[in-house]
Amino acid sequence: MKSLREAWRAAIATAVAAYLEEKGADPSIASAIVAESPPDASMGDIGFPVFPLAKPLRMGPPQIAAAIVERLAGSTLPPGTCKAVGPYVNVFLDRAAVAKAVVSAPVAGASYGSSDSLAGTRIMIEFSSPNTNKPLHLGHLRNDALGESVSRILKANGAEVLKINLINDRGVHICKSMLSYMTYGKGTTPDSEKVKSDHFVGDYYVRFNDLKKEDPQAEEKAQDLLVKWEAADPETIDLWKTMNEWAVSGIRRTYDRTGVSFDKFYYESQIYLTGKEEVQKGLANGAFFKAEDGSVRIDLSAIGLEEKVLLRKDGTSIYMTQDIGLAIHRHEDWPFDRLVYVVANEQQYHFKVLFYILEKLGYEWAKNLFHLSYGLVNLPEGRMKTREGTVVDADTLLDSLRDQALEEIQSKGREDSVADPVATAEQVALGAVHYYLMQATPSKDMIFNPAESLSFNGNTGPYIQYMGARISSMLRKRDRGEGKAGAGTIKPELLSGNAEWELVKLVASYPEAVELAGAGYNPAVVASHLYAVASAFSRFYHDEPILTCEDPDLAATRLALSEAVLVVLRNGLGLLCIPFLEAM
RNA sequence: GCGUUCGUAGCUCAGCUGGAUAGAGCGACGGACUUCGAAUCCGUAGGUCGGGGGUUCGACUCCCUCCGGACGCACCA
């Protein structure tokens with residue numbers, strides 16, 4: 001589709017340039033010719049507005065369109081025909097030619113939709129980066145799904161991707177859950193209490209609030225504990241290790257559950273002192289300056305900001321110092337062309353400053369750093385608040401959706417049709433959450449409605465999974481010898497009807513969606529394309545017989561189209577971290 | 001106060017680098033199952049794209065301004 005579109009654009013641009021020259025106008029204006037999609041397929045498949053030519057040619061757009069079409073008549077063109085439709089030159093593609101390519105999609109299989117648009121590009125992507133004092137919540141699910149999905153999309157476009165996770169395993173927040181456990185834990189463990197280990201740790205973090213009420217010095221004690229940790233006090237380190245192990249192993253179970261994985265883990269406890277030398281270097285070469293109070297700072301007036309401290313007057317480092325060191329360290333670890341940080345939009349300032357600093361330090365790769373900023377996930381009831389206990393825990397949410405999906409499977413009497421009802425319900429739940437989170441534009445805040453996400457109707461994950469299951473079901477029947485498709489031959493030219501054509505075009509343009517999603521770090525592009533494919537298929541399936549078609553050739557051909565749709569759904573859902581289901 | 005960002009149908013969201021009558025889904029109302037999975041499909045109602053200017057042949061899209069919301073403006077992370 002993309003190559004056809006480009007071929008037509010080039011052909012028309014050439015004709016336009018020749019026409020401009022003939023009329024004594026500047027032929028370079030022909031580059032203003034861009035491809036659009038007509039609002040209705042009856043008007044054509046690709047549209048080229050000629051408005052920009054009106055002034056230089058001193059002619060009305062409709063006359064120009066007609067003249068261009070006339071000129072094109074003599075030349076060799078890509079498959080299809082063109083026609084002047086008002087002020088547009090519209091192209092009607094050769095349906096059989098496109099259909100022929102589409103029915104061969106199953107041959108490409110898992111690689112259908114992949115491109116080499118980012119071939120040779122090494123991209124490091126950091127996401128998730130949890131704190132080890134509590135389990136993952138709904139907001140993390142958006143972060144994780146975004147990071148994992150963008151990684152898969154970038155890979156599908158040919159990039160070499162390294163997924164990394166920075167575990168925030170030190171700091172006063174960790175000390176609070178430690179202190180709370182020291183007070184109330186009484187030697188219990190996740191195993192002894194039969195609680196998922198990250199939740200076990202999180203519960204003590206919450207109980208720190210009780211501790212504060214009982215002991216007014218609790219905050220100070222947590223600070224003291226941090227000092228002891230930094231001094232490597234053996235007992236403190238021991239407890240810290242134990243509790244971190246609990247937290248991290250629990251969090252990893254949630255990653256496994258949601259299909260998220262990492263190539264490399266970094267631990268804040270191991271790198272929090274890095275960056276100081278880099279700041280010293282910057283001080284030496286004049287990028288930074290020493291303030292009157294002795295702190296090292298950078299002047300940010302060049303980017304419209306004030307000053308930022310990079311080293312305290314006592315020489316200790318801060319968050320920014322750490323991130324400077326870490327970025328440089330990472331580039332040494334794995335020299336990347338781009339580094340993507342998947343971090344909530346509340347840190348926009350931080351990254352703006354960080355990128356500027358790295359540029360000032362002279363790293364040429366600094367201009368290829370990207371903050372994939374995403375918005376908050378809110379609930380229909382309002383914002384999630386830790387203090388009010390309205391934070392939606394990731395595991396709890398998935399459990400609840402899984403149970404609801406299971407009830408649905410049971411009430412539809414489909415337990416015998418799926419291999420493992422509970423596992424299937426789990427996959428439906430995952431499809432519900434991930435699709436809902438991925439269909440929204442990353443940068444915007446969004447409202448997550450659990451009930452809506454799980455609906456089998458409308459623009460949801462389960463709906464798309466269902467279409468995949470229906471196609472799978474037909475293919476199983478064909479393989480069992482049902483219907484007449486087995487006796488027919490695939491004839492792409494039979495797919496020229498309007499119902500088929502809509503579907504053919506959507507399957508054909510799927511690779512473009514993957515490319516666009518990669519260019520914009522935006523899985524929502526894939527999600528909306530999948531929904532368009534699924535709903536077009538559903539209409540087709542409803543209106544036309546496929547497997548049950550009387551004509552064997554038509555049955556075989558329609559089934560081939562269905563199989564191509566399946567390939568798109570399978571690959572696309574994969575990019576969104578949503579399981580494809582053969583039956584549900 | 002300054003900065004960033006968002007404001008599209010009752011609700012949740014699309015709308016690609018400005019282009020042909022602003023699109024979906026949910027909800028509402030009304031239809032379609034002895035037929036490939038009705039976990040589906042079809043139809044109807046519903047928007048002066050927050051207000052006002054401007055640029056353009058053309059603005060939901062770009063610029064200015066006002067209103068409203070979110071986030072940020074730490075020697076916290």
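Quick note on labels: first sequence line is chain A, next is B, and so on, each numbered from 1.
The base-pairing partner of B:C60, taking Watson-Crick or G-U wobble contacts with both distances under 3.5 Å, does not exist among the strands shown. For B:G10, the paired nucleotide is B:C26, the pair qualifying as Watson-Crick or G-U wobble because both relevant distances are below 3.5 Å. In this structure B:G1 sits in a base pair with B:C73, meeting the Watson-Crick or G-U test at under 3.5 Å.
For A:Arg383, whose side chain is taken as the heavy atoms from C-beta onward, the closest listed nucleotide among B:A39, B:A70, B:U12 is B:A70. Residue A:Met43 places its side chain closer to B:U21 than to any other of B:C26, B:U21, B:G37. Candidate nucleotides B:C73, B:C75, B:A39 were compared by shortest atom distance to the side chain of A:Val309, and B:C75 ranks first. Comparing atom distances between the A:Ile318 side chain and each of B:U12, B:A77, B:A39 picks out B:A77 as nearest. The side chain of A:Ser473 lies closest to B:G37 when the candidates are B:C75, B:G37, B:A20. Out of B:A39, B:G37, B:C75, the shortest distance to the side chain of A:Ile409 is found at B:A39. The side chain of A:Thr441 lies closest to B:A14 when the candidates are B:A14, B:G37, B:C71. With B:G72, B:C13, B:C26 as the candidates, the nucleotide lying closest to the side chain of A:Glu346 is B:G72. When each of B:A70, B:A20, B:G37 is scored by its nearest atom to the side-chain atoms of A:Asp445, the top-ranked nucleotide is B:A70. Comparing B:G19, B:A39, B:A77 by their nearest atom to the side chain of A:Arg414 picks out B:A39.
Residue contacts shown for A:Phe48 are absent, as no nucleic acid heavy atom lies under 4.0 Å away. Among the atoms of the strands shown, only primed sugar atoms or phosphate atoms (P, OP1, OP2) are found under 4.0 Å from some heavy atom of A:Glu268. No contact: A:Ala532 has no heavy atom under 4.0 Å from any strand. In this structure, A:Pro38 reaches the bases: a heavy-atom distance under 4.0 Å links it to at least one base atom across the strands shown. In this structure, A:Ala54 reaches neither bases nor backbone, as no heavy-atom distance under 4.0 Å exists between it and the strands shown. As judged by a 4.0 angstrom heavy-atom cut-off over every strand, A:Ala583 is placed among the base-contacting residues. Nucleic acid contact class of A:Ile546 (heavy atoms, under 4.0 Å, all strands): base.
For an aromatic pair to be called close, the ring centres must be under 6.0 Å apart, and A:Tyr463 with A:Tyr435 fails this.
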Atom pairs, protein N/O to nucleotides 56-58 of chain B N/O, distance under 3.5 Å:
from: B:C57; atom 1: OP1; to: A:Lys55; atom 2: NZ; distance (Å): 2.6

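Considering only heavy atoms from C-beta on, A:Asp26 stays 4.5 Å or farther from A:Leu20 through its side chain.
Atom pair A:Glu36:CD and B:G19:P shows a separation of 6 Å (rounding to whole Å applied). In this structure, A:Ile357 atom CD1 and B:C75 atom P are separated by 12 Å, rounded to whole Å. Distance A:Phe537 CZ to B:G37 P: 10 Å, rounded to the nearest Å. Rounded to a whole Å, the CE atom of A:Met446 is 14 Å from the C1' atom of B:G25. A:Gln348 places its CD atom 20 Å from the P atom of B:A77, with the value rounded to the nearest Å. Between A:Tyr272 atom OH and B:C75 atom P the separation is 20 Å, expressed in whole Å. The NZ atom of A:Lys444 sits 10 Å away from the C1' atom of B:G15 (whole-angstrom rounding). For A:Glu307 and B:A74, the CD to C1' distance is 14 Å, given to the nearest whole Å.
Remark: the separation of the C1' atoms in B:C42 and B:G51 is 39 Å, to the nearest Å. Remark: the separation of the C1' atoms in B:U65 and B:A28 is 39 Å, to the nearest Å. Comparing the P positions of B:G43 and B:C26 gives a spacing of 13 Å, expressed to the nearest Å. The P atoms of B:C41 and B:U55 are separated by 47 Å, rounded to the nearest whole Å. Comparing B:G30 with B:C64, their P atoms are spaced 50 Å from each other, to the whole Å. As rounded to the nearest Å, B:A74 and B:C13 have P atoms that lie 31 Å from one another. Distance check on atom C1': B:G25 versus B:U61 gives 23 Å, rounded to whole Å. Atom name C1', nucleotides B:A9 and B:A22: the rounded distance is 11 Å, in whole Å.
Within a 6.0 Å radius of CZ in A:Arg480, other residues, nucleotides and ligands contribute more than 12 heavy atoms.
Annotated as anti: B:C42, whose O4'-C1'-N torsion sits more than 90° from 0.
Of the listed residues (A:Glu306, A:Glu307, A:Glu292), just one forms a salt bridge (Lys or Arg N to Asp or Glu O under 4.0 Å) with A:Arg297, and that residue is A:Glu307.
Between A:Lys2 and A:Glu6, none of the side-chain N atoms (NZ, or NE/NH1/NH2) sits under 4.0 Å from a carboxylate O, so this pair counts as no salt bridge. Residues A:Arg570 and A:Glu563 are not paired through a salt bridge, judged by the lack of any N-O separation under 4.0 Å between the basic side chain and the carboxylate.
On a pure distance criterion of 3.5 Å, a polar donor-acceptor pair joins the side chain of A:Asn90 and the base of B:A20.
With the nearest nucleotide of RNA chain B identified for both A:Gly86 and A:Pro545, A:Gly86 has the one nearer the 5' end.
Annotation: cation-pi pair A:Arg170/A:Tyr272 present, NZ/CZ under 6.0 Å from the ring centroid and within 45° of its normal.
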